[in-house]
Protein chains: 2
Amino acid sequence: MLIDIWHDRAVADLTLQRSPLPIAPTPTGPAEMCCAPVTQELLDAEQAAVLAARLKALADPARLRLVSLLANAAEHEACVCDLTAPLGLSQPTVSHHLKVLQQAGLVTREKRATWAYYSVVTEALDELAGLLSPRD
Amino acid sequence: MLIDIWHDRAVADLTLQRSPLPIAPTPTGPAEMCCAPVTQELLDAEQAAVLAARLKALADPARLRLVSLLANAAEHEACVCDLTAPLGLSQPTVSHHLKVLQQAGLVTREKRATWAYYSVVTEALDELAGLLSPRD
DNA sequence: AGCAAGCATCGACGTCTGTCAATAGAGATG
DNA sequence: CATCTCTATTGACAGACGTCGATGCTTGCT
């Protein structure tokens, strides 16, 4: 299932010089393994805090819908201006949520021209899922 | 890995008549499938709210440690009085967190004698994980 | 009946969080 | 340069949240 939230900007995009696609686009949250699955080993205070912080980044309706929008968007990415309308939230609020998601390592940001393109870090979601329920 | 937070109450427990192990011990949160995995279909507002509520129940250090304690406890269950010390939190606070977890369908409560035994609903964790990252 | 233990609820408190309007900054266009 | 678009930051505010002490309720024991 793919939702196109690209509109006519795809056309305008062609008229702009694109950035040379940096290999490492500033990964704020490296999303490193913080602990064993919750049900397998006892979490100490610090591990629990780290894991809770990541889950908390996802545990918000707006942010869940953002992740869903990004994952289902054409090219699996979208810029802020395409996300405000589907969410019914103001642009600053959307920017705020995206920043939270980025700092948790759940999305990446790539600036092209005046637009900031966000996309989901599927590996981060996978790892989070694996911590809740062991993949065996 | 098993952590024994049972102490000497296991002995005292034998002297008390046990409840006849009811089949359906008041499942507050039935943990029914709320939506497709986040990355596969677009979440609407309501689905996002439901999923966010469940994730929010887990997205707390104390509650994560509670789940971890329960999962790693002998018999895979524990009562409130065994959980306050490992967490370093007051009994009312622990009771509060357990209630949140129970309402989210992540733990079940079974009252035996004066003790309330909580245990993890692994299926709920599995489902939650499956919504973040599709299995197979 | 009286008492003690385990647990849930209540009330209160400080903190965190989601939201917006206003503003500032970066970048493209004319 | 002036202007426009897109995005990020700031400041402010209401509501939610985590925590605790005090209290009440249930259950078993004497």
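These numbers were taken from a predicted model, which means no experiment stands behind them. Within every chain, numbering begins at 1; the chains are lettered A, B, ... in the order of the sequence lines, protein sequences first and strands thereafter.
Contact between the side-chain N/O atoms of B/R112 and the OP1/OP2 oxygens of C/dG6 is not found at any separation under 4.0 Å. Neither OP1 nor OP2 of D/dT7 sits under 4.0 Å from any side-chain N or O of A/R109. Distances shown here put a side-chain N or O of A/Y118 below 4.0 Å from the OP1 or OP2 atom of D/dA8.
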Dump every N/O contact between nucleotides 15-18 of chain D and the protein below 3.5 Å, one line per pair.
from	atom 1	to	atom 2	distance (Å)
D/dG18	OP1	B/D60	OD1	3.3
D/dG18	OP1	B/R63	NH2	2.9

Distances under 3.5 Å between nitrogen or oxygen atoms of protein and nucleotides 22-26 of chain D:
none

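Shown here for A/A116 and A/R109, the closest heavy-atom pair between the two residues is CB-NH1, 3.9 Å. Taking all atoms of both residues into account, the shortest heavy-atom contact from A/R135 to B/P134 is NH1-O, 4.4 Å. Considering all non-hydrogen atoms of both residues, A/Y118 and A/V80 come closest at CE1-CG2, 3.8 Å.
One atom, CD of A/E110, and another, C1' of D/dC6, lie 16 Å apart when rounded to the nearest Å. B/W115 places its CH2 atom 17 Å from the C1' atom of C/dA8, with the value rounded to the nearest Å. What separates CG of A/L101 from C1' of D/dA8 is a distance of 16 Å, to the nearest Å. Computed from coordinates, the A/L83 CG to D/dT7 P distance equals 9 Å when rounded to whole Å. If you take CG of B/D82 and P of C/dA5, they are 16 Å apart, rounded to a whole angstrom. Remark: P of D/dA8 and OH of A/Y117 are 13 Å apart, rounded to the nearest angstrom. Between A/Q102 atom CD and D/dT7 atom P there is a gap of 14 Å when expressed in whole angstrom units. For the pair A/L66 CG and C/dG18 P, the computed distance is 12 Å after rounding to whole Å.
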* To do: Go through the steps to decide whether A/L51 and A/L128 satisfy the test side chain to side chain contact (heavy atoms under 4.5 Å, CB included), and finish with yes or no.
  => CA-CA 8 Å; A/L51 183 50; A/L128 219 44; 3.8 Å; yes

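Every residue two or more places apart in sequence or in another chain that forms a side chain to side chain donor-acceptor pair (under 3.5 Å) with B/S119 is listed here: B/T108. For B/Q91, the side chain to side chain donor-acceptor pair (under 3.5 Å) partners at least two apart in sequence or on another chain are B/S95. For B/T93, the side chain to side chain donor-acceptor pair (under 3.5 Å) criterion is met by B/S90, not counting sequence neighbours.
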Got a list of side-chain donor-acceptor pairs under 3.5 Å for residues 61-69 of chain A, not counting sequence neighbours?
from	atom 1	to	atom 2	distance (Å)
A/R63	NE	A/A57	O	2.6
A/R63	NH1	A/H97	ND1	3.0
A/R63	NH2	A/K56	O	3.3
A/R65	NE	B/L43	O	3.2
A/S68	OG	A/N72	ND2	3.4
A/S68	OG	B/V38	O	3.2
A/S68	OG	B/E41	O	2.9
A/S68	OG	B/L43	N	3.0

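Distance from the side chain of A/L89 is smallest to C/dT19 among D/dT9, D/dT7, C/dT19. Taking only side-chain atoms of A/S95, from C-beta outward, the nucleotide of C/dT9, D/dT9, D/dG28 with the closest atom is D/dT9.
Taking hydrophobic clusters as Ile, Leu, Val, Met, Phe, Trp and Tyr residues chained together by side-chain heavy-atom distances below 4.5 Å, B/L87 does not share a cluster with B/V100.
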